[in-house]
Peer 1: 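Supplied in structure tokens, the structure appears directly below.
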Amino acid sequence: MIKINHNYKKLQASYLFSDIASRIAEFQKANPETEIIRLGIGDATRALPAACIEAMHRAVDEMGEDETFRGYGPEQGYEFLREKIAKYDYASRDADISAEEIFVSDGAKCDTGNFQELLAPDIRVAVPDPVYPVYVDTNVMAGRTGGFSHGRYENIIYMESTGENNYVPRPPENGADLIYLCFPNNPTGATITRQELEKWVEYARDNKALILYDAAYEAFIREDKIPRSIYEVEGAREVAVEFRSFSKTAGFTGTRCAFTVVPKNCRAFDEKGEPQMLHPMWNRRHSTKFNGVAYPVQRAAEAVYSPEGREQVKAIIADYMENAEIIRKEMENLGFSCSGGLHSPYIWVDAQTDSWELFDMLLKKAGVVCTPGAGFGRCGSTHIRLSAFNSRQNVERAMERIRKAVKEG
Ligand code: MLT
């Protein structure tokens, strides 16, 4: 008899953003005249930078000639891209990461979700609350949790991130083996200081733990002193894997390109307590289960690092960040306490009311989509997340509609 993976039964009915999409579709069907403005999922709305488009066109032309055609690419990604990443994202910040330690992939979501496959089923997993649901759901699928009750899974250590700790949790006292961190944070928009990050690295070293560091939003950091990579902290190479993406940086949400950094000396331990390097293990997994990112897409990603590409990306991000400022200011004027929006495209609004109720109210009365905080965990149950990914005009119209809806009650 064929049997299912019974862990799937523990999962909530659907993935947060699929759930939201079906609620929107249902509403739109019943109200076809309402023009909906989406400040929900963090999906880029600005076109790809011109430098990326030009590079992609050139690469497509190369694929059309026998002499320049390329078939299967190198499993870790083309060296031309990995060299640029190492130089511009890491060496420029004095972070010691080489091109051989970079794995090009099609998304940080897949990589943050898949990495746990390398680790034992009985490890203790710690996640922040609120949390990007992928970190939790993939551990549920792998059987590392018990059942779901009162908004939480058994056997997961939830590290509460609230206004009281500026949304930066402290290392747990009850010993975690695998720790997920995300800065700038999704959904709270919070950033971490170098000193705080040093404490996490120290914790991982002292406890023989591993940190999975999601830095998908680092491009939105606007102050030099805020760390962009965990490898800016000494000693992080042995204890941390980092995930990054071109999705939010350069609008690749539909084009797909990201990368994961696994330093050569990053370790976990075997059943005898002997250190085992994760780089060859991830390489083994990547080459077995992943087909690589299309050549024209890797050329487009490479163009992000060209002088024109860097300027164009800077301008796109600055535009989203002006949206973020407008949203945050407006929500604060309406009396809500907010975090994020300063070094992040997300504004985390403390609404002090049930987040799904507010989601429904904003959809029905304002025709605006937000993300209900409850979808990110118990600590988000009275928050909503607003995303700055939209046109200026839509953001201004959305804020006007929200103002009216909130004032009318
Ligand atoms: C979000 O809105 O949280 C992100 O778009 C989700 C993702 O990047 O997968």
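Reckoned from all heavy atoms, side chains included, excluding hydrogens, waters and symmetry mates. Values in this document were obtained by computation on a predicted structure and should not be read as measured data. Indexing begins at 1, ligand by ligand and atom by atom, following the structure's order.
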Peer 1: Between Glu330 and Lys404, is there a salt bridge with N-O shorter than 4.0 Å?
Peer 2: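 Looking at Glu330 together with Lys404, the answer is no, because their closest N to O distance does not fall below 4.0 Å.
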Peer 1: Are any of the heavy atoms in Asp43 under 4.0 Å away from ligand 1?
Peer 2: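 Heavy atoms of Asp43 never come under 4.0 Å of ligand 1.
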Peer 1: Should you measure from each heavy atom of Arg385, which atoms of ligand 1 turn up under 4.0 Å away?
Peer 2: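 Atoms satisfying the 4.0 Å criterion: 1 (C), 2 (O), 3 (O).
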Peer 1: Using the rule side chain to side chain contact (heavy atoms under 4.5 Å, CB included), only one of Val261, Ile97, Val201, Ile230 pairs with Arg237; which is it?
Peer 2: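 Of all the options given, the one that passes is Ile97.
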Peer 1: With heavy-atom distances below 4.0 Å as the criterion, list the atoms of ligand 1 near Tyr346.
Peer 2: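 By the 4.0 Å cutoff, the relevant atoms are 1 (C), 2 (O), 3 (O), 4 (C), 5 (O).
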Peer 1: Give me the ring orientation class for Tyr180 and Tyr135: parallel if the planes are under 30° apart, tilted from 30 to 60°, perpendicular past 60°.
Peer 2: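 Because their plane-to-plane angle is under 30°, the rings of Tyr180 and Tyr135 count as parallel.
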Peer 1: Among all protein heavy atoms, pick out the one at the shortest distance from atom 8 (O) of ligand 1; state its residue, atom name and that distance to 0.1 Å.
Peer 2: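 Heavy-atom neighbour on the protein nearest atom 8 (O) of ligand 1: Lys248 NZ, 2.8 Å.
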Peer 1: Should the pair His279 and Phe103 be assigned to parallel (<30°), tilted (30 to 60°) or perpendicular (>60°) ring geometry?
Peer 2: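 Geometry flag for Phe103 against His279: tilted rings.
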Peer 1: State the atoms of ligand 1, each with its element, that fall below the 4.0 Å cut-off from a heavy-atom position in Ile41.
Peer 2: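 Per the distance check, 2 (O), 5 (O).
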Peer 1: Pull out every atom of ligand 1 sitting under 4.0 Å from any heavy atom of Asn186, numbered as shown with elements.
Peer 2: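 Selected atoms, number and element: 1 (C), 3 (O).
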Peer 1: Within the 4.0 Å heavy-atom shell around Tyr132, which atoms of ligand 1 are there?
Peer 2: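 By the 4.0 Å cutoff, the relevant atoms are 6 (C), 7 (C), 8 (O), 9 (O).
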Peer 1: Residue-level breakdown please: for Phe376 versus ligand 1, do any non-hydrogen atoms fall below 4.0 Å on the side chain, on the backbone, on both, or on neither?
Peer 2: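 Near ligand 1, Phe376 shows nothing, with every heavy atom at 4.0 Å or more.
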Peer 1: Taking the six-membered ring of Tyr346 (Phe, Tyr or Trp), confirm whether the NZ or CZ of Arg385 is under 6.0 Å from its centre and within 45° of its axis.
Peer 2: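 Here Arg385 passes the 6.0 Å and 45° test against Tyr346.
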Peer 1: What atoms of ligand 1 come closer than 4.0 angstrom to any heavy atom of Gly42?
Peer 2: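 By the 4.0 Å cutoff, the relevant atoms are 1 (C), 2 (O), 5 (O).
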Peer 1: Would Lys109 count as being in polar contact with ligand 1, using the rule that some N or O on each side must be under 3.5 angstrom apart?
Peer 2: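 Not met; the criterion fails.
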Peer 1: Would you sort out whether Asp89 and Tyr305 count as a side chain to side chain donor-acceptor pair (under 3.5 Å), showing the intermediate values?
Peer 2: CA-CA 9 Å; Asp89 285 333; Tyr305 300 99; 2.6 Å; yes
Peer 1: Looking only at atom types and distance, does a side-chain atom of Lys10 sit under 3.5 Å from a main-chain N or O of Val140, one as donor and one as acceptor?
Peer 2: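 The answer is no, because no donor-acceptor pair under 3.5 Å joins these two groups.
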